[in-house]
Amino acid sequence: MSRQFVNRWGRQALGLWMAAVLAVPAASAQADLAQQAREAWVKRDRARLATLVEAALTQQHPLAGWVEYFDLNARLRTVQQAEMDAFYARYPASYVEDRLRNDWLLELGRRRDWTGFKRDHASYQMRDDREVHCYTLLAEHAGGGKVSADAARAAWFAQKDADEGCRALAAAMVDAGIFKHDTVWDRARQTLEQSRPVAARQAVALLDSKPLSQKLAELQDNAGRYLTRKARPTPRAEAELTTLALARVAASNADQAGDLLRDKWGKLPKDLQAWLWVQIGRQSALRLQDDALAAFDRAQRTAPDLDWSDDMLAWRARAALRAKQWPVALQAIGQMSAAEQRDPAWQYWKARATRMQGDNTAARSQLTALATAPQGGALNFFGRLAIEELGLPTTLPPPPTPLTAEERRAARSHPGLTRALQLMALGLRSEGVREWNFSLRGMSDRQLLAAAQEACDREIWDRCINTSERTKAEVDIAQRFPTPHREELLRESRASSIDPAYVFGLIRQESRFVMDARSHVGASGLMQVMPATAKWTAKKIGVPYSTDRHNDRDFNLRIGTSYLKLVLDRFDGAQALAAAAYNAGPGRPARWRDGPVLDAAIWAENIPFNETRDYVRKVLLGGTLYAQVLGLPGTSLRARLGTTVGPASARGDDAVDVPPAAAGDAAR
């Protein structure tokens, strides 16, 4: 299930929220103005927005800034700087000020008003918008400043969507001769790796060649037909297009792409052949095929100096772990960027591979560093594995010193946090979460703990957990791993004969204990079950089902735990396989376990979906920690992960035809 959910508050919850928010002078009639403004903004009803702004300012509405934000955002194309400056002056240092400044910077970039852009950018706080960053470099270039090719390339390559700002920066760099054609083709290949065809077309369009753009569109539509009718190995531009077409084939059939490359396209430039072999290796690794390493090895032999992305190196390392090729795994990890090598996952696998090479002393030193590192330790999946492998104590961090009355008052009276609570109470959850997170910037551990406690006390469990997780030195386990609905969850877990700590870990990851959480594919409730699956499960266990009961706490827990028990039974009680099934659908882990018998940690590392791989880690670690919090037996992460994973037993995994919990969310 996706972690991106929409919270829909019922009438009772709304009343509780409004009663809980302290120091809020707004009456219900006032409070509704922000909701109305949001609705008018969606409809771009400017007349209605103008009326609401007047009412909000007249009534001194506590969320007047948001009402004005919706109004100004809806008419940015016609707004002038004076009106923006007046807004900034009314709401200094607030989230809405910086949010609107972000929007205004994008508009100034579109207007090519570089003087105004530089003026506003000086006061911009968040600086997390990739398109604004591209416009910042473009403004510097337009003003005669020197923009390095590396800086411009990094900004363009970080672009996720085909936005105008980064396109304009890239176009200016091409026109100035700072970007050569090879940079443009690198970008086209990178976007294809990331399955972003629109961005690939945007890149090729910069070459000012209509025929090339037309051919790219043709190969994206039907790569096989393009290869048969129009592909050529020379000149370079044609070779690049042929390479993109072969990569499209590899995405659906790696073996076929390999055959075509060997048999017909051996005259492509060596660097392009090598890049294709990397793509073929990655696709084979994603499909857990045994020939993935051979493709990666061929890429390295074809062009030893080829620059591999971290993602490609990660899949080479995973394929090597799966094949027990420890030297290859170490080589792939060693070629990763410094930032990637600091990731606890690769620190752990480096230590494991080092030990399998026979250097136990170095391996133990590496595991010890991970076990004691701030980013590792007992609260990290790989840090916990390292601790257990070293035989060290797995004690939880001691509770921090209790918050003082003054610390609590400071959090309760914080303007940004107060506005965030008001917004979430009104159902404007997206706006409230952003305001909350903005308000946390620069807070000390103690301030974060106080803010988290405000959320915990109001049972806003996602803000409680996420805020507490930001602390570095002081860790409050009760905040990070709360136990709401404890008695009910324990009752239903035991009724279904499931470890309640495992259920707590799963719910924490699924819904953050928000009862009305709803995923974009329709899964809802504490355990995020699809209506069709809930109906199927209800029939299996002999309880009546109706849609109006779906988000009822007790019913959702009963259906969710019963469904989870069926999934666990299908996989012989394997918690890692069951967690993967809950996230990606039972059919996928049933296929992923085919092949050789693997160490369970290596199997989990080779889960093809990033979301599911991360989900399995967090659910199992959560279950391990909740067992300690609840004082239950079975606190070993390795025991939950399992020893090995291999093909199904003779009775087969398909003994029970279990539907997906949420329609295969992770497969997108």
Side-chain angles (χ1 to χ4, degrees), residues 3-10 12-24 26 31 34 62-63 66 94-95 379 397 399-472 474-486 489 504-505 507-518 526 553 618 622 625-626 629:
R3 304 294 72 70
Q4 299 172 351
F5 57 80
V6 178
N7 188 30
R8 299 183 176 180
W9 300 100
Q12 183 180 8
L14 176 59
L16 291 172
W17 270 86
M18 293 306 295
V21 176
L22 302 179
V24 177
L63 297 176
W66 277 98
S94 68
Y95 173 73
L379 303 185
T401 303
L403 293 164
T404 66
E406 180 54 37
E407 287 172 326
R408 294 298 307 273
R409 277 195 298 271
R412 191 172 296 126
S413 62
H414 189 288
L417 298 180
T418 300
R419 284 192 298 270
L421 292 171
Q422 292 174 303
L423 288 161
M424 288 187 277
L426 291 170
L428 300 177
R429 183 166 184 81
S430 176
E431 291 79 6
V433 166
R434 294 200 300 267
E435 177 106 47
W436 181 276
N437 291 341
F438 181 85
S439 300
L440 300 179
R441 294 174 314 116
M443 284 190 177
S444 67
D445 276 6
R446 299 295 296 178
Q447 291 170 318
L448 288 169
L449 290 173
Q453 195 58 49
E454 288 303 304
C456 299
D457 290 348
R458 290 164 172 74
E459 300 185 1
I460 315 169
W461 299 113
D462 63 322
R463 292 307 94 203
C464 166
I465 294 168
N466 293 9
T467 303
S468 190
E469 284 185 329
R470 291 174 179 244
T471 63
K472 305 297 187 210
E474 297 197 56
V475 175
D476 190 331
I477 289 294
Q479 288 181 348
R480 294 195 186 193
F481 294 88
T483 57
H485 322 295
R486 178 170 178 161
L489 194 151
F504 262 114
I507 293 177
R508 183 182 185 272
Q509 190 59 22
E510 282 291 338
S511 66
R512 286 291 198 254
F513 302 101
V514 179
M515 286 194 293
D516 293 334
R518 188 176 184 87
L526 285 173
R553 180 193 62 191
K618 288 179 177 176
L625 293 168
Y626 268 115
V629 169

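Since this is a predicted model, take the numbers as computed values, not measurements.
When atom types are taken as modelled, the side chain of T467 and the backbone of A452 share no donor-acceptor pair closer than 3.5 angstrom. No donor-acceptor pair under 3.5 Å is formed between the side chain of S468 and the backbone N or O of C464.
Here the side chains of T401 and R446 are in contact, with some heavy-atom distance below 4.5 Å. Side-chain atoms of L440 and L417, non-hydrogen and from C-beta on, do get closer than 4.5 Å to each other. In this structure the side chain of L63 never reaches within 4.5 angstrom of the side chain of L428, judged on heavy atoms.
Taking NE2 of H485 as the start and CE of M515 as the end, the distance is 5.0 Å to the nearest 0.5 Å. Rounding to the nearest 0.5 angstrom, the gap separating the NE2 atom in H414 from the CZ atom in R419 is 8.5 Å. The CD atom of E459 lies 12.0 Å from the CZ atom of F513; values are rounded to the nearest 0.5 Å. Taken to the nearest 0.5 Å, the OG1 atom of T483 stands 12.0 Å off from the CZ atom of R508.
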Should R408 and D457 be marked as a salt bridge (charged side-chain N to carboxylate O under 4.0 Å, His left out) after you check the CA-CA gap, both sets of side-chain angles, and the distance that decides it?
CA-CA 11 Å; R408 294 298 307 273; D457 290 348; 2.6 Å; yes

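Considering L449, I465, L448 as possible partners of Q479, the one that fulfils the side-chain contact (heavy atoms from CB on, under 4.5 Å) test is L449. Checking each of N466, V433, L421 against I460 for a side-chain contact (heavy atoms from CB on, under 4.5 Å) leaves exactly one that passes, namely L421.
In this model, a donor atom of one side chain and an acceptor atom of the other lie less than 3.5 Å apart for R480 and T471.
Cation-pi geometry between R434 and F438 is not met at under 6.0 angstrom from the ring centre and within 45 degrees of the axis.
In plain terms, the two heavy atoms of P482 and P484 that are nearest each other are C-CD, 3.3 Å. Here the closest heavy-atom approach between residue A451 and residue M443 is recorded as CB-SD, 4.4 Å. The two residues G432 and A420 have their closest heavy-atom pair at O-CB, 3.3 Å. The shortest heavy-atom contact between P402 and E407 is O-OE1, 4.4 Å. Between S413 and T418 the shortest heavy-atom distance is C-OG1, 4.2 Å.
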